[in-house]
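Just so it is clear: chains get the letters A, B, ... in the order the sequence lines come, proteins before strands, and each one is counted from 1. Computed from a predicted model, the values in this text were never measured in an experiment. Only this structure's heavy atoms are used, side chains among them; waters, hydrogens and symmetry mates stay out.
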Amino acid sequence: MPDKKNFYERVYEVARQIPYGRVTSYGAIARAIGAAKSARMVGFALKNSPNDVPAHRVLNRNGVLTGKHHFPGTDLMQQLLENEGLQVIHDQVQDFEKFFWDPQTDS
DNA sequence: TGAGTGACTGTAA
DNA sequence: CTTACAGCCACTC
């Protein structure tokens with residue numbers, strides 16, 4: 001059951017591997033850590049994520065900034081993504097599939 | 001110990 | 001093609 005404790009760490013580990021200017025989905029991370037059904041928990045973990053984890057690069061499978069409201073400020077998440085060269089409109093990442101990064105592929 | 005909730009996803013209509 | 005419903009796991013009260 002120590003593996004359960006690793007759940008958070010695994011999420012952080014994968015999130016930390018997200019390249020600059022790239023984004024991924026909660027389900028992708030969940031699968032990468034072997035908890036495909038716990039995509040929701042991934043978001044929960046990111047909420048508790050340390051500052052060295054780019055949680056702003058993690059969106060839902062639709063490319064929408066679902067957790068933007070959980071970030072400090074109002075548009076911090078969007079600002080961060082735009083700062084990385086991504087185009088965010090209406091809390092939605094344009095060409096999400098194009099910027100999508102699969103942790104398992106590790107491209 | 002039990003019940004409720006959530007930064008989601010996949011399938012159905 | 002878009003919108004709606006149900007399921008799932010882990011965590012908190």
Side-chain angles (χ1 to χ4, degrees):
Chain A
M1 69 160 261
D3 286 9
K4 300 251 188 118
K5 191 188 161 200
N6 284 340
F7 184 87
Y8 271 54
E9 300 214 4
R10 301 234 184 178
V11 175
Y12 303 149
E13 225 176 307
V14 176
R16 253 179 293 210
Q17 287 167 51
I18 303 175
Y20 180 93
R22 284 282 173 81
V23 290
T24 187
S25 62
Y26 303 95
I29 295 175
R31 274 182 199 241
I33 66 180
K37 320 294 184 114
S38 310
R40 292 170 131 174
M41 255 284 74
V42 175
F44 212 98
L46 288 173
K47 247 167 70 178
N48 283 281
S49 65
N51 38 329
D52 62 309
V53 177
H56 63 269
R57 290 184 193 153
V58 186
L59 323 170
N60 69 348
R61 83 160 199 95
N62 213 11
V64 183
L65 283 53
T66 47
K68 139 177 173 148
H69 240 244
H70 291 254
F71 269 78
T74 4
D75 299 330
L76 177 60
M77 190 175 183
Q78 180 172 334
Q79 293 300 315
L80 287 169
L81 289 170
E82 288 185 338
N83 186 35
E84 301 205 352
L86 291 170
Q87 192 176 17
V88 183
I89 302 176
H90 199 71
D91 300 342
Q92 236 173 252
V93 176
Q94 306 305 298
D95 302 312
F96 172 69
E97 305 178 21
K98 194 168 136 186
F99 289 103
F100 183 82
W101 174 80
D102 191 337
Q104 290 191 316
T105 307
D106 199 315
S107 345

Self-check item: Nearest-nucleotide comparison on DNA chain B, the residue closer to the 5′ end among A:Phe44 and A:Leu59
Solution: A:Phe44
Exercise. Hey, which sits more toward the 5' end of DNA chain B by its nearest nucleotide, A:Lys47 or A:Arg31?
Key: A:Lys47
When you measure from the side chain of [X], which nucleotide among [options] comes out closest?
X	options	answer
A:Leu46	B:dT9, C:dA10, B:dA7	B:dA7
A:Ala39	B:dT9, C:dA10, B:dA7	B:dT9
A:Thr66	C:dA10, B:dA7, B:dT9	B:dA7
A:Met77	C:dA10, B:dG10, B:dA7	B:dA7
A:Arg40	B:dA7, C:dG7, B:dT9	C:dG7

Quiz item: Is there side-chain contact between A:Val93 and A:Leu65, with heavy atoms separated by less than 4.5 Å?
Solution: yes
Just the rounded figure in Å: distance from [atom2] of [N] to [atom1] of [X].
X	N	atom1	atom2	value
A:His69	B:dC8	NE2	C1'	18 Å
A:Leu80	B:dA7	CG	C1'	15 Å
A:Phe100	B:dC8	CZ	P	15 Å
A:Met41	B:dT9	CE	P	14 Å
A:Lys37	C:dA6	NZ	C1'	13 Å
A:Asn60	B:dC8	CG	P	7 Å
A:Phe7	B:dC8	CZ	C1'	11 Å
A:Glu9	C:dC11	CD	C1'	16 Å

Self-check item: Cationic tip of A:Lys47 above A:Phe44 ring, under 6.0 Å, 45° of axis
Solution: yes
Quiz prompt | CD (A:Gln79) with more than 12 external heavy atoms under 6.0 Å | solution = yes
Exercise. Using a 4.0 Å heavy-atom cut-off across all strands, classify A:Ala30 as base, sugar-phosphate, or nothing.
Key: nothing
Quiz item: Quick one: do A:Phe100 and A:Met77 end up in the same hydrophobic cluster if we chain Ile, Leu, Val, Met, Phe, Trp and Tyr together by side-chain heavy atoms under 4.5 Å apart?
Solution: yes
Quiz prompt | Single-linkage hydrophobic cluster A:Leu81~A:Val64, side-chain heavy atoms < 4.5 angstrom | solution = no
